[in-house]
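What follows is a short report on a single structure.
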Amino acid sequence: MFAMKARLFLLVFAVAAILPAASLRELADAHGILIGAAVNPALLADQAYADTLARDFNLVVAENVMKFGPTRPARDRYEFTAADQLVDFAQSHNMKVRGHNFVWHQQMPRWLTSGTFSSAEVAGILQDQMRAMLSHFKGKVFAWDVVNEAVDPDPPHGLRKTFWLDKLGPDYLDKAFRWAREADPDVKLFYNDYDADGMNAKSDAVYNLVRGLKARGVPIDGVGLQMHVTLQSAPTAEHLAANIRRLAALGLDVHITEMDVRLATPAKPEDLVVQGKVYGTIVATCALTPGCKVVLTWGVNDAHSWIPGFHKGFGDALLFDAQSQPKPARTAIEVALKLIP
Ligand code: G3I
């Protein structure tokens, strides 16, 4: 196994060595691909963080600051300062912005979850939220995760039991997408979920969910495959391509929205190489499969990734290390982007 990994390492770096170094975003631009990262605007003051972002990415998404809780501190008060800072950075560096998210069971404001609102009031509060966000960021954010992680991670993968299901009923996705479309006729509207990247029971459930939305004429434009994976759980190229193809056949775009590949820490050098193989495979598969032209990583560098805080003993999941130095994963994406026709 190690000999195979070592050969792969040599191959990747031999190819990288004979091709001139290039920024990922320039390579992506040449293929009409968007390569993005989730950003915490408070970190833009860190020069290495900001430089990395501006050099290698042509797309950003807010890791947290566009969510319901952070943007709506009170029923009648909106807070866009941090999100505006991110949009300003993106605009001044000629980057696109993805929006994340409107309807999720996490990072909701406490005034909402602990309130005693009727179903009609909750519907009104959500519509107000989407109207406010879609109007404030109109023309600045090209696609929004309207609903995030609605499918139960446990079999049989029905709708997750959440505040939204409880308050708005089982057709809450239909409502949310229709309200979003009413508020902005132009922006792309996405459903986003995790562990549904390749072909498995959960991705079947996501597929059936969005097929149902399409069949009912609900205005959905795409599906986000989050791609929070390990070396073992990452989908094969074949399974990812098959999943993208079946979603594209419904008329939906696919974005890889939150990719990271977590490693047991401290990471072994060979794991960093195999991690590169996973990143290169996913980016190449997306780029080569019609319907998928967008890949984002969930963070910029390993110093600020969510992984160590949520998956004990794991980390080193991104393209840049804690000092913002490029890892084999970045090289692997560079090579993949150089080699695709
Ligand atoms: O902002 C507060 C701060 O005021 C407070 O003092 C501090 C104390 O814990 O918490 C801060 O909030 C944290 C927030 O990130 C901002 O840093 C929350 O505790 C923390 O739970 C939150 O974690 C985020 C998580 O979503 C929330 O569930 C992660 O950063 C973020 O990476 C993660 O992102 C999600 C995507 O939105 C959806 N898909 C899965 C992905 C990973 O979980």
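FYI, the numbering just counts along the sequence from 1. Order of listing sets the numbers, starting from 1, for every ligand and every atom in it. Note that the structure is predicted; figures quoted are calculated from it, not measured. These values consider heavy atoms only, across backbone and side chains, with no hydrogens, waters or symmetry-generated copies.
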Handout entry: Under-4.0 Å heavy-atom contact with ligand 1, by part of W104 that carries it
Key = side chain
Problem - is_close_aromatic(H100, W144), centroid dist under 6.0 Å - result: no
Practice task
Please say whether the positively charged group of R98, taken as NZ for Lys or CZ for Arg, lies over the ring of F190, i.e. under 6.0 angstrom from the six-membered ring centre and within 45 degrees of the axis.
Solution key: yes
Handout entry: 4.0 Å protein heavy-atom contact status of atom 30 (O) of ligand 1, strictly under
Key = yes
Completion exercise
Candidates Q107, H311, H304, E258; heavy atom nearest atom 25 (C) of ligand 1 found on Q107
Handout entry: N148, portion touching ligand 1 at heavy-atom distance under 4.0 Å
Key = side chain
Exercise for the section: Decide whether Q226 and N148 meet the rule of one side-chain donor and one side-chain acceptor closer than 3.5 Å. Expected result: yes
Exercise for the section: May I ask whether M130 and V61 are part of the same hydrophobic cluster, defined by side-chain heavy atoms of I, L, V, M, F, W, Y residues being less than 4.5 angstrom apart, directly or through others? Expected result: no
Completion exercise
closest protein heavy atom to atom 33 (C) of ligand 1 is K67 NZ, 3.7 Å
Practice task
Please could you name the atoms of ligand 1 that H228 approaches to less than 4.0 Å, counting only its heavy atoms?
Solution key: 40 (C), 41 (C)
Practice task
Below 4.0 angstrom from a heavy atom of Q106, which ligand 1 atoms are there? Numbered from 1 as shown, please.
Solution key: 27 (C), 28 (O)
Exercise for the section: Would you mind running through ligand 1 and noting each atom that sits below 4.0 Å from a heavy atom of Q226? Expected result: 39 (N), 40 (C)
Exercise for the section: Side-chain contact test, heavy atoms from C-beta onward, threshold under 4.5 Å: evaluate it for K167 versus W164 and give yes or no. Expected result: no
Handout entry: Residue and atom name of the nearest protein heavy atom (relative to atom 34 (O) of ligand 1), distance in Å to one decimal
Key = W298 NE1, 3.1 Å
Problem - Pi-cation contact, F57 with R25 (under 6.0 Å, within 45°) - result: no
Practice task
Give the residue and atom name of whichever protein heavy atom lies nearest to atom 38 (C) of ligand 1, and the separation in Å to one decimal.
Solution key: E149 OE2, 3.2 Å
Handout entry: Exercise check, heavy-atom protein proximity under 4.0 Å to atom 27 (C) of ligand 1
Key = yes
Handout entry: Is_contact(atom 1 (O) of ligand 1), protein non-hydrogen, under 4.0 Å
Key = no
Practice task
Tell me which protein heavy atom sits closest to atom 36 (C) of ligand 1, plus the residue, atom name and distance to 0.1 Å.
Solution key: H100 NE2, 3.4 Å
Fill in the blank from the handout: Looking only at heavy atoms, the pair that brings F89 and A54 closest together is CZ-CB, 4.3 Å
Practice task
Flag this pair as yes if the NZ/CZ of K202 is under 6.0 angstrom from the six-membered ring centre of Y194 and inside a 45 degree cone about the axis; otherwise no.
Solution key: yes
Problem - Protein heavy atom under 4.0 Å of atom 6 (O) of ligand 1 - result: no
Handout entry: Side-chain H-bond candidate by donor/acceptor type, D204 with H157, under 3.5 Å
Key = no
Problem - Is_contact(atom 40 (C) of ligand 1), protein non-hydrogen, under 4.0 Å - result: yes
Handout entry: Which residue and heavy atom of the protein sit nearest atom 32 (O) of ligand 1, plus the separation
Key = E63 OE2, 2.4 Å
Handout entry: Verify atom 11 (C) of ligand 1: protein non-hydrogen atom under 4.0 angstrom away
Key = no
Problem - Within-cutoff protein neighbour (heavy atom, under 4.0 Å) for atom 21 (O) of ligand 1 - result: yes
Exercise for the section: Answer with yes or no whether F310 contacts ligand 1, where contact means a heavy atom under 4.0 Å from a ligand atom. Expected result: yes
Problem - Shared hydrophobic cluster for L53 and V87 (ILVMFWY, side-chain gaps under 4.5 Å) - result: yes
Handout entry: Test of ring centre spacing under 6.0 Å for H228 and W306
Key = yes
Practice task
For D29 and N58, run side chain to side chain donor-acceptor pair (under 3.5 Å): C-alpha distance rounded to whole Å, both residues' side-chain angles, the deciding distance at 0.1 Å, then the answer.
Solution key: CA-CA 8 Å; D29 282 342; N58 53 13; 2.9 Å; yes
Exercise for the section: Say whether W306, considering both its backbone and side-chain N or O atoms, lies within less than 3.5 Å of an N or O atom on ligand 1. Expected result: no
Completion exercise
The protein heavy atom nearest to atom 16 (C) of ligand 1 is N64 ND2, 3.6 Å
Problem - Residue among T297, D56, T52 satisfying side chain to side chain donor-acceptor pair (under 3.5 Å) with R330 - result: D56
